[in-house]
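Notes follow once the structure below has been shown.
All values below come from the heavy atoms of this structure, side chains included, with hydrogens, waters and symmetry mates left out. This is a predicted model, so every value here is computed, not measured.
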Amino acid sequence: GESVGLHLPTLSVQEGDNSIINCAYSNSASDYFIWYKQESGKGPQFIIDIRSNMDKRQGQRVTVLLNKTVKHLSLQIAATQPGDSAVYFCAEISAWDDKIIFGKGTRLHILP
Amino acid sequence: KAGVTQTPRYLIKTRGQQVTLSCSPISGHRSVSWYQQTPGQGLQFLFEYFSETQRNKGNFPGRFSGRQFSNSRSEMNVSTLELGDSALYLCASSLSSRGETQYFGPGTRLLVL
């Protein structure tokens, strides 16, 4: 399949364990954050989002945590499955100018 | 509801040629953004179109251009191709603003020889 990024940081997690993927964002004016999942050969797929007036949001098996004090975002995946293998990107959006900044991505590798 | 579609999926060109890529957004979405994705640079914003007008533009040379039609479908064009233009070109649509959740297409893989 196509390689999204040859030099991305990689997180290796045992199947069934929880995964935590971190992202440091850069713009203190960003007020909307999204996590995307990109599988080989596909475009990024929306996973979960969070607005700056929240510090936690839960979806199905995923939780996003936002710490505005240190400009940090994390994605937690519960009970990681082989299908979770992908590159995960965070994106920050500023309401001021609609500017979107994507993180470089983290490759999640599931160990059997 | 059908997702974002992009054509072609794969393309091989030689230096100096030009290329046109097409994107059909999700029905009802009026904002279309284009991105270039490479292993070294990650996702980089090219431009955004809304109601047939370019609303935002990234830091790419004038060889990269685009347009949007009345049905919200969009095309991007790259003229005088360079080897460094080899990348995955992604189109994303959203309801009305780039600041909203964007839904991506599968991308067009361009290889410049």
Should we say atom CZ of B:Arg15 is surrounded by more than 12 heavy atoms from elsewhere, each under 6.0 Å from it?
no
Does atom CG of B:Asn71 have more than 12 heavy-atom neighbours, drawn from other residues, nucleotides or ligands, at distances under 6.0 Å?
yes
Quick check on the hydrophobic clustering: are A:Val64 and A:Met54 connected, directly or via other members, by side-chain heavy-atom contacts under 4.5 Å?
yes
same_hphob_cluster(B:Met76, B:Val19) at 4.5 Å side-chain heavy-atom cutoff
yes
Please report the interatomic distance [atom1]([X]) to [atom2]([Y]), rounded to the nearest 0.5 Å.
X	Y	atom1	atom2	result
A:Ile100	B:Ser94	CD1	OG	7.5 Å
B:Leu88	A:Lys42	CG	NZ	13.5 Å
B:Gln102	A:Tyr36	CD	OH	5.5 Å
B:Gln37	A:Gln38	CD	CD	4.0 Å

Between A:Pro44 and B:Leu90, the two heavy atoms sitting closest are CD-CD1, 3.7 Å
Non-hydrogen atoms of A:Ile34 and B:Thr101 that approach each other most closely
CD1-CA, 4.0 Å
Is the ring centre of B:Phe104 less than 6.0 Å from the ring centre of A:Phe46?
no
Chi angles and distances behind the ring pair (Phe, Tyr, Trp, His ring centres under 6.0 Å) call for B:Tyr35, A:Phe102
CA-CA 11 Å; B:Tyr35 296 87; A:Phe102 286 91; 5.3 Å; yes
What residue pairs, at least two apart or across chains, pass ring-ring contact (aromatic ring centres under 6.0 Å, His included) with a residue in residues 8-28 of chain A?
A:Tyr25-A:Phe33
Can you name the ring pair (Phe, Tyr, Trp, His ring centres under 6.0 Å) partners of B:Tyr49, sequence neighbours left out?
B:Phe47
